[in-house]
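Side-chain atoms are counted along with the backbone in the values below, which use heavy atoms only and exclude waters and symmetry mates.
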Amino acid sequence: MPTSTAPGKIYLFGEHAVVYGEPAVPCAVERRAAVTVEARDDDRVVVEASDLTLDGFTVTFDGSTADADPELDVPTRLVQSATGYVEEAVAQARDAADAPDAGFELSIDSEIPLGAGLGSSAAVAVAAIDAATRALGVTLPREELAERAYRTERAVQEGGASRADTFCSATGGAVRVEGSDCRRLDAPELPFVVGFDGGAGDTGELVAGVRALRERHAFAADTVTAIGDVVRDGEEVLADAPAGSPADESTLAVLGGLMDFDHGLLSALGVSTRSLDAMVWAAREAGAHGAKLTGAGGGGCIVALDRTDETERALRYAPDCVDVFRAELATEGVVRT
Ligand code: PMV
């Protein structure tokens, strides 16, 4: 039975604006979703998710219907969104393997909290498509895997999706995404600290909210462009730092300042929350070089840059923070066993 794992990610810069063609720099981090798949003799799809940071749940749905209604005792919105990604991933796997009637047993085990800005849906989509196609005897090149995972997200997220999360999860490392131009970056080692408020945002709704704001107000469109400018400046700083070695203090200071600016622009677009802001300020006051929300916002995670233990300690005692960890860059994307 093939198992594929794929990493989550944090955004150093550029979430939301990337949906409108601005560049973004996400970095894969060592928190993974693992999906094990066995092909079935019929066309049914059975999903067992022991840990999507929900209580364990098992979903059975008929592979041919998109409107299956699993009986579950966990929050409906999160489950609908999780099963939506799995359903679309199954459709992509069937298409890639040219097996429209294939049925599967999928077992999902994820270390990435759902809807928290760490790319859980992208990691599950990448790992599920990869393991399901391999269960049918087809191994996809990483580029195709990333593209099919992107189509999965685009089908589920009302308001649109970018290729950033899915490309980053399939490829690993620090990446740069601008429209359909996706590439790996040679980046220095960065000391990421992640704080999690225990909450979740609905990526589709948040993207739709920014889209509406951008269509209504020229200054919101300018804010999106300004995020792109932050990313372009950040890329220059990354390019000047020696790849693979720890970033020096002056590089961290400039990158941190740009992260702070990016967070301010994301707040202006309405995607931050009181608890995300509180964690950002706890990190800054502890001496972090910079801090920002990561991902869609609406609750979930922040990311800060700090080589010392001070930010971790401050976040551990911050009332809004339920989990804090140092995030290692995941240099490998999808891993197959
Ligand atoms: O919160 P996440 O991990 O789903 O990240 C969403 C990132 C957005 O830029 C808001 C949307 C996208 O598809 O790029």
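Among residues at least two apart or in separate chains, ring-ring contact (aromatic ring centres under 6.0 Å, His included) pairs with a member in residues 180-232 are His217-Phe219. Note on residues 281-332: no pairs pass ring-ring contact (aromatic ring centres under 6.0 Å, His included), not counting sequence neighbours.
Using a 4.5 Å heavy-atom threshold, the side chains of Thr251 and Val237 count as touching. Counting heavy atoms from C-beta outward, Leu106 and Val86 have side chains that approach closer than 4.5 Å. The shortest side-chain heavy-atom distance between Lys9 and Phe167 does not fall under the 4.5 Å cut-off. Looking at Arg183 and Val175, their side chains never come closer than 4.5 Å, going by heavy atoms from C-beta outward. The side-chain heavy atoms of Ser267 and Leu269, taken from C-beta on, include no pair separated by under 4.5 Å. A 4.5 Å side-chain heavy-atom check between Met1 and Ser107 finds every atom pair outside the cut-off. Under the 4.5 Å side-chain criterion, counting only non-hydrogen atoms from C-beta, Val25 is in contact with Glu235. A 4.5 Å side-chain heavy-atom check between Leu118 and Pro113 finds at least one atom pair inside the cut-off.
One finds a salt bridge joining Lys292 and Glu15 here, because a Lys/Arg side-chain nitrogen approaches an Asp/Glu carboxylate oxygen to under 4.0 Å. A salt bridge is absent between Arg142 and Glu144: the closest approach of a Lys/Arg side-chain nitrogen to an acidic carboxylate oxygen does not fall below 4.0 angstrom. We find that Glu38 and Arg40 are not joined by a salt bridge, their nearest charged nitrogen and carboxylate oxygen being 4.0 Å or further apart. Between Arg154 and Glu88 no salt bridge is recorded (no basic side-chain N to carboxylate O distance below 4.0 Å).
Applying the side-chain hydrogen bond (donor to acceptor under 3.5 Å, both in side chains) test to Asp229 and every residue at least two apart in sequence or in another chain returns Arg232. Every residue was checked against the side-chain hydrogen bond (donor to acceptor under 3.5 Å, both in side chains) condition with Thr223, not counting sequence neighbours, and none meets it. By the side-chain hydrogen bond (donor to acceptor under 3.5 Å, both in side chains) test, Arg284 pairs with Asp260, sequence neighbours left out. Residues passing the side-chain hydrogen bond (donor to acceptor under 3.5 Å, both in side chains) test with Glu153, sequence neighbours excluded: Ser121.
Counting all heavy atoms, side chain and backbone alike, Arg163 lies closest to Gly179 at CD-O, 3.8 Å. Minimum heavy-atom separation, Pro191 to Leu252: CD-CD2, 3.6 Å. Residues Ile10 and Thr294 come closest through the heavy atom pair CA-OG1, 3.4 Å. Contact detail for Thr152 and Ala89: the closest heavy-atom pair is CG2-N, 3.7 Å. Closest approach of Ala291 and Ala283 over heavy atoms only: CB-CB, 3.9 Å. Closest of all the heavy-atom pairs between Arg32 and Thr5 is NH1-OG1, 3.0 Å.
Atom SG of Cys321 sits about 5.5 Å away from atom CE of Met279, to the nearest 0.5 Å. The structure places CG of Leu114 at 11.5 Å from CG of Asp202, a figure rounded to the nearest 0.5 Å. With rounding to the nearest 0.5 Å, the separation of SG in Cys27 from CG in Leu329 is 6.0 Å. Between Ser120 atom OG and Arg31 atom CZ the span is 12.0 Å, to the nearest 0.5 Å. Considering OG1 of Thr133 and CG of Leu140, their distance stands at 4.0 Å, rounded to 0.5 Å. In this structure, the separation between CE on Met259 and CG on Leu293 is 10.0 Å, given to the nearest 0.5 Å.
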(request) Decide yes or no on side chain to side chain contact (heavy atoms under 4.5 Å, CB included) for Arg148 and Asp95, but give the supporting numbers first. (result) CA-CA 10 Å; Arg148 288 188 177 276; Asp95 186 56; 2.9 Å; yes
(request) Step by step, work out the side chain to side chain contact (heavy atoms under 4.5 Å, CB included) result for Phe104 and Val46. (result) CA-CA 6 Å; Phe104 303 97; Val46 177; over 6 Å; no
(request) Output, in order, the C-alpha distance, side-chain angles, deciding distance and verdict of side chain to side chain donor-acceptor pair (under 3.5 Å) for Arg134 and Ser4. (result) CA-CA 9 Å; Arg134 288 199 298 131; Ser4 300; 3.0 Å; yes
(request) For Ser272 and His263, run side chain to side chain contact (heavy atoms under 4.5 Å, CB included): C-alpha distance rounded to whole Å, both residues' side-chain angles, the deciding distance at 0.1 Å, then the answer. (result) CA-CA 8 Å; Ser272 192; His263 182 77; 3.4 Å; yes
(message) Is there a side chain to side chain contact (heavy atoms under 4.5 Å, CB included) between Glu22 and Phe13? Walk through the geometry before answering.
(response) CA-CA 11 Å; Glu22 298 292 346; Phe13 309 114; over 6 Å; no
(message) Using the rule given for salt bridge (Lys or Arg N to Asp or Glu O under 4.0 Å), can you reason through Arg44 versus Glu105, listing the C-alpha separation, both sets of side-chain angles and the distance that settles it, and then say yes or no?
(response) CA-CA 8 Å; Arg44 288 177 66 74; Glu105 307 260 334; over 6 Å; no
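When the side chains of ILVMFWY residues are joined at heavy-atom separations under 4.5 Å, either directly or via intervening members, Ile302 and Leu12 end up in a single hydrophobic cluster. Criterion: ILVMFWY side-chain heavy atoms under 4.5 Å apart, direct or through other members. Under it, Tyr20 and Leu266 are part of a common hydrophobic cluster. There is no path of hydrophobic side-chain contacts, each under 4.5 Å, that joins Val177 to Val334. Both Leu276 and Val194 belong to a common hydrophobic cluster when Ile, Leu, Val, Met, Phe, Trp and Tyr are linked at side-chain heavy-atom distances under 4.5 angstrom. Linking Ile, Leu, Val, Met, Phe, Trp and Tyr whenever their side-chain heavy atoms come within less than 4.5 Å leaves Ile129 and Leu136 in two separate clusters.
Side-chain polar atoms of Ser275 and Asp320 form no donor-acceptor pair below 3.5 angstrom. Counted by atom type alone, Gln92 and Tyr150 present zero donor-acceptor pairs between their side chains at under 3.5 Å. Judged purely by distance below 3.5 Å, without hydrogens or angles, the side chains of Asp262 and Tyr11 never pair a donor atom with an acceptor atom. Judged purely by distance below 3.5 Å, without hydrogens or angles, the side chains of Thr225 and Asp222 never pair a donor atom with an acceptor atom.
In this structure, the side chain of His16 does not engage the main chain of Val224 through any donor-acceptor pair within 3.5 Å. Side-chain atoms of Asp186 do not come within 3.5 Å of backbone N or O of Ala243 as any donor-acceptor pair. Between the side chain of Arg184 and the main chain of Thr171, a donor-acceptor pair closer than 3.5 Å is present. The closest donor-acceptor contact from the side chain of Glu178 to the backbone of Asp181 lies at 3.5 Å or more, if one exists at all.
No more than 12 heavy-atom neighbours from other residues, nucleotides or ligands sit within 6.0 angstrom of CG on Asp98.
Here the rule is salt bridge (Lys or Arg N to Asp or Glu O under 4.0 Å) with Arg326, and of Glu30, Glu312, Glu189 only Glu312 fits it.
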